[in-house]
Amino acid sequence: MLRPLRDRQRPAPSPRPPLLRELLLVGALYMAYKLGRRAANGQFDDAYANAERVWDLERFLRLPSEAAVQDLVLHSETLIRFINVYYATVHFPATVVFLIWMYWRRPGFYVWIRWTITWLTGAALVLHLLVPLAPPRLFRPLRMIDTGIEYGPAVYDKPDPDSMANQFAAMPSLHVGWAVLIAVGLIVATRSRLRWLWLLHPLITGLAVVATAHHYWLDGLVACAILGVVLYFLRPPRRTVSAGTRTVPTTEVTEPGRAPDVGTVGAVGAVANVGDEDREVATLRKKQELAAPEAGVAPKDR
C-alpha cells in the first residue's frame, strides 16, 4: 500500500542541460568578464588612492598585516615557490574541472553552480569598475615584493593600461570567491566523509593571494560576503530517494531547468505520511467495532 506513495515522492532523474548551450553561456560569461576588466583598466590614480583607504581600513579593523604574512612565508623558499605555483596554475584550471565534473556527475547541481558563479562574477565585475584597487605588490608604502617575479612563475608584467590583464582589479578577489564556491559546491553535492577537506583549497588560496602580494585581506573577505549573499538567494537543490519504508534526503537537484530552491523534505515527512495512514486504518477498525452490535454481530470474547 505504501509503495505507490513512495514512488510519487521520488522525482525523475535530473537531465543534463544541453552541452552546446552551456558552452556558449559559460564562454559568453568569461568574455564579458574579461572585456569588463579591460574597460576598467588604466585608472591608476584612483587605484592607488583606494589602496591607501583599504590599508587604513584594515588597520582600523585590526587585520593582520599582509607584509608580515609575506615576511613569514619568505623564510622558506620551498613554501613560497609552492604558493606561487598554486596561485598561478590552480585557480582557473580547478574552476574549469569543477564545472565539468558538476555537469557530468551532478547535472542538477551544475545549474545551481552556474547561476551562482554568474552572479558572483557579475558582482565582482561591477566592483572592478567602481573600485579600482592597486594590489599590495604595486602599493609602494607596503614595500612588498612580487614573489612571482622574484621566485617564479610570474603572472603579470608591468602595469599597462592597454593590457587585457587589469592589474588594478584586485577588489574583490575572485581567486578566493571561486575557491570558496568550489569547496561549498563539492561539500553539498557529495556525501563522502572526507568532503570537508575541500576547505583546504580556499584556505591555501587565501594564504597565496596575500603572501604573493596580489590581494589584501579585504579583497577575499568582500568576495566571501558577495558569495554569501548570492547563496542566500540561490539555495542548494535537493532530491529525495526511498530507503526502506522511509524517504531520506540526498544532495541532488529536482528541477535543473530553473533557479533552484530548497525545502524541508525527508525522513520526517515520510514518517508523517506513514503515521497518517496508520491512523486512518485504526479509525476504520474502530468504526467497524462500534457498528458491529447494530448489525447483529456478536462481539468477540475478551
Side-chain angles (χ1 to χ4, degrees), residues 33-75 79-80 83-84 86-88 91 120-151 153-180 202-230:
Y33 175 70
K34 295 295 289 184
L35 292 175
R37 284 174 60 99
R38 172 69 177 82
N41 202 359
Q43 305 178 48
F44 289 6
D45 293 338
D46 291 339
Y48 287 116
N50 288 331
E52 186 172 356
R53 296 187 185 98
V54 166
W55 177 255
D56 292 340
L57 179 58
E58 287 189 343
R59 305 292 70 77
F60 175 77
L61 297 175
R62 299 184 181 277
L63 295 176
S65 168
E66 290 84 355
V69 173
Q70 186 179 80
D71 289 341
L72 182 63
V73 173
L74 288 177
H75 282 83
L79 178 58
I80 191 60
I83 288 177
N84 284 343
Y86 200 93
Y87 177 87
H91 167 62
L120 171 62
T121 305
L125 179 58
V126 171
L127 276 183
H128 293 339
L129 293 169
L130 297 178
V131 188
L133 179 64
R137 59 188 175 82
L138 297 178
F139 187 49
R140 291 183 178 179
L142 295 186
R143 298 181 180 179
M144 296 180 70
I145 65 172
D146 188 333
T147 58
I149 294 177
E150 294 293 332
Y151 298 94
V155 178
Y156 300 108
D157 295 323
K158 293 182 178 180
D160 184 355
D162 295 324
S163 173
M164 285 293 292
N166 182 2
Q167 300 187 45
F168 296 98
M171 172 66 74
S173 170
L174 280 182
H175 269 73
V176 173
W178 287 4
V180 174
L203 291 176
I204 296 175
T205 300
L207 173 63
V209 300
V210 171
T212 57
H214 286 93
H215 287 282
Y216 303 90
W217 293 114
L218 277 180
D219 299 339
L221 293 175
V222 170
C224 291
I226 295 174
L227 178 60
V229 172
V230 174

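Because only heavy atoms are used, hydrogens play no part in the values below, and waters and symmetry mates are left out as well, while side chains stay in.
Checked by atom type and distance alone, the side chain of Asn50 pairs as donor or acceptor with a backbone atom of Pro132 at under 3.5 Å.
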Check against side chain to side chain contact (heavy atoms under 4.5 Å, CB included), Val73 and Ile83: CA-CA 9 Å; Val73 173; Ile83 288 177; 3.7 Å; yes

Side chain to side chain contact (heavy atoms under 4.5 Å, CB included) evaluation trace for Leu127 with Leu133: CA-CA 10 Å; Leu127 276 183; Leu133 179 64; over 6 Å; no

The test is side chain to side chain contact (heavy atoms under 4.5 Å, CB included); show your working for Val155 and Asn84 and say whether it passes. CA-CA 9 Å; Val155 178; Asn84 284 343; over 6 Å; no

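Taking the six-membered ring where the residue is Trp, Tyr48 and Phe168 present perpendicular rings, their angle passing 60° and hence far from 30°. Using bins of under 30°, 30° to 60° and over 60° for the plane-to-plane angle, the ring pair Tyr87/His175 lands in the parallel bin.
Atom CG of residue Leu174 and atom CG of residue Leu125 lie 9.0 Å apart, to the nearest 0.5 angstrom. With values rounded to the nearest 0.5 angstrom, Arg137 atom CZ is found 5.0 Å from Asp146 atom CG. For the atom pair CD of Gln70 and CG of Leu207, the computed distance is 11.0 Å after rounding to the nearest 0.5 Å. Leu120 CG to Trp178 CH2: the interatomic distance, rounded to the nearest 0.5 Å, is 8.0 Å. Atom-to-atom distance recorded for Arg143:CZ and Asp71:CG is 11.5 Å, nearest 0.5 angstrom. Rounded to the nearest 0.5 angstrom, Leu79 CG and Tyr86 OH are separated by 13.0 Å.
Shown here for Val210 and Met144, the closest heavy-atom pair between the two residues is O-CE, 3.8 Å. Closest approach of Thr212 to Val209, counting heavy atoms only: OG1-O, 3.5 Å.
Atom CZ of Arg59 sits in a crowded spot, with more than 12 heavy atoms from other residues, nucleotides or ligands closer than 6.0 Å.
No side-chain donor-acceptor contact under 3.5 Å links His214 and Tyr156.
Glu150 meets the side-chain contact (heavy atoms from CB on, under 4.5 Å) test with Ile145; sequence neighbours excluded.
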Let me check something: any side-chain donor-acceptor pairs from residues 215-227 under 3.5 Å, sequence neighbours excluded? List them with distances.
{"unit_1": "His215", "atom_1": "ND1", "unit_2": "Ala170", "atom_2": "O", "d": "2.9"}
{"unit_1": "His215", "atom_1": "ND1", "unit_2": "Asp219", "atom_2": "OD2", "d": "3.2"}
{"unit_1": "Tyr216", "atom_1": "OH", "unit_2": "Ala134", "atom_2": "O", "d": "2.8"}
{"unit_1": "Trp217", "atom_1": "NE1", "unit_2": "Pro64", "atom_2": "O", "d": "2.7"}
{"unit_1": "Asp219", "atom_1": "OD2", "unit_2": "Tyr216", "atom_2": "N", "d": "2.8"}

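In this structure the side chain of Leu74 reaches within 4.5 angstrom of the side chain of Tyr151, judged on heavy atoms.
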